[in-house]
Amino acid sequence: MREKLKHIFAHALMNLVRAGWGGLASIATIATSFLIIGIFLLLVLQLNALVAKWREQFRLSVFLEDRITQTQLEILEKRIQNEAAVRSITFTSKEEALANFRQELKDQQSLLEGLGDNPLPASFQLKIREGYQSPDALRRLSAFLTRLEGVEDIQYGQEWIERISNAAYLMKALGIIIGSILTLGSALIVSNTIRLAVYARAGEIEIMRLVGATKAYIRAPFLVEGMLQGSLGALLALGMLFAAYRYVAATSRLASPLFSIATDRGFLEPSMMAALVGGGALIGAIGSSLSVSRFLKT
Amino acid sequence: MIQMYHVYKTYGKDLEALVDVSLHIQKGEFVFLAGSSGAGKSTLLRLIFRDELPTSGQLLVNGRNLVRMKPRAVPHLRRMLGIVFQDFKLLRDRTVEDNLALVTRVVGMPALEGRRRVAQLLKLVGLSHKANMPPYKLSGGEQQRVAIARGLMNDPLILLADEPTGNLDPELAVDVTRLLLEINSRGTTVLVATHDLKLAEEAGRRTVFLKKGRIVEEWP
């Protein structure tokens, strides 16, 4: 058994070395395919992170009537708090609103001098649970809130939320479609490359067959070789992707504050990297064993 | 050792490669299979190492029925056979020695025994001094001797040779035939397909003539 394993691995490594440029070409092809998949995956992740960030920062404002009493205010706060959609609620009084406004205006505070009475309304700021951030759910929530006593107006940037959720939906759909096309495409390219490498060794396979090698004996080293090529290719792709990512993340942080939010999230998750390397090994193994089978009728 | 009963082999609809061939070869015999190209010699050899199955008829090798043999038993059949081809089928990217050592690994022979066997066979075919050369640096006759040595690695009961002298000059052809006769004298059954009637005649061994897939004559 140990002798056999030794043979399989020694043979696979030897073949990899013997394949020389051909073997490198296979690894490079696999790496290129996985690089494209990796870039795509990273983009999807970043965009998802961006959307998640937007969602996290999303607030719904409930503006209150000026003549609301303290009791009404407390009752209203309770009722809003009890809504399933509401994750948290903060109160901003008229005075706080004015103070905030002043701070935002900073240098142009003179604009406020003619105002006399404080015209700004008190309000509740609601954070909404993620599941309730769809345009429909928000419309329902805001209709409900408008009817409550003491509520003057609701604002939550309806157009924005629709755009974001459309974008998120589109990304998911495109992600699945493009992702599957890319994966299928690389699987085909990789198995073709490996097939060429196996064809180049048709003579060796034939001789082994003729001197009485079993199918498993012939197939095993090719299988291991394919797995090695596949996982090496995927690792190479991850390495390149990581280097490129570090570079882009560093420069884009200066260029675009928007992108920097997303890049804070970091590189691909370890489980995804493992899946990519495992996927490489799997594609390599399948590609090579399919190719070898052509030479192994008996 | 080899028994064929009314063997037919047809490719596609009507390409008859072998027609009603019945042939018996005893243990230790040396037999030439003679005929022009396309006569069915190679097909007959391929049936014996079960690269192909007969369309009909029965075929026994060392008492085992190849028609009913399970595919997984085929490697074990082939370990009883040595097979040599006109084009040698040596691997260019490794030395003469490694070409032979391939067999020891395939059959799981211990490394030490394998090395001893390689050395022994290279000596038999007179190529010990070229063990570390790649095959393409050897002459055609030498390459065929390496191929024969490889065919003997498993210490086969039967050595099958398909036009082993087809690519060789007449003198080298005589050399290779002499080597095959010597191997036969040590007890291995040898079956040689050839279109070179003169070679068969000179060797003076049993010769079976094939024409258009049929056995048409036998000598003596």
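Here is the naming used below: chain letters follow the sequence lines, and residue numbers restart at 1 for every chain.
- Between R178(B) and E182(B) there is no salt bridge, since none of the side-chain N atoms of the basic residue sits less than 4.0 Å from a carboxylate O of the acidic one.
- Heavy atoms closer than 4.5 Å to chain A are found nowhere in R92(B), neither backbone nor side chain.
- Looking only at side-chain heavy atoms (C-beta outward), D51(B) and R209(A) come within less than 4.5 Å of each other.
- Remark: K130(B) does not engage E97(B) in a salt bridge, criterion side-chain N to carboxylate O under 4.0 Å.
- In summary, of the residues considered (N167(B), T165(B), D162(B)), a side chain to side chain donor-acceptor pair (under 3.5 Å) with Q86(B) occurs for N167(B) alone.
- When heavy atoms are compared at a cutoff of 4.5 Å, N154(B) approaches chain A solely by way of its side chain, counted from C-beta outward.
- There is no contact between R72(B) and chain A, counting heavy-atom distances below 4.5 Å.
- The candidate with the highest count of non-hydrogen atom pairs below 4.5 Å against chain A, out of V103(B), D93(B), V107(B), is D93(B).
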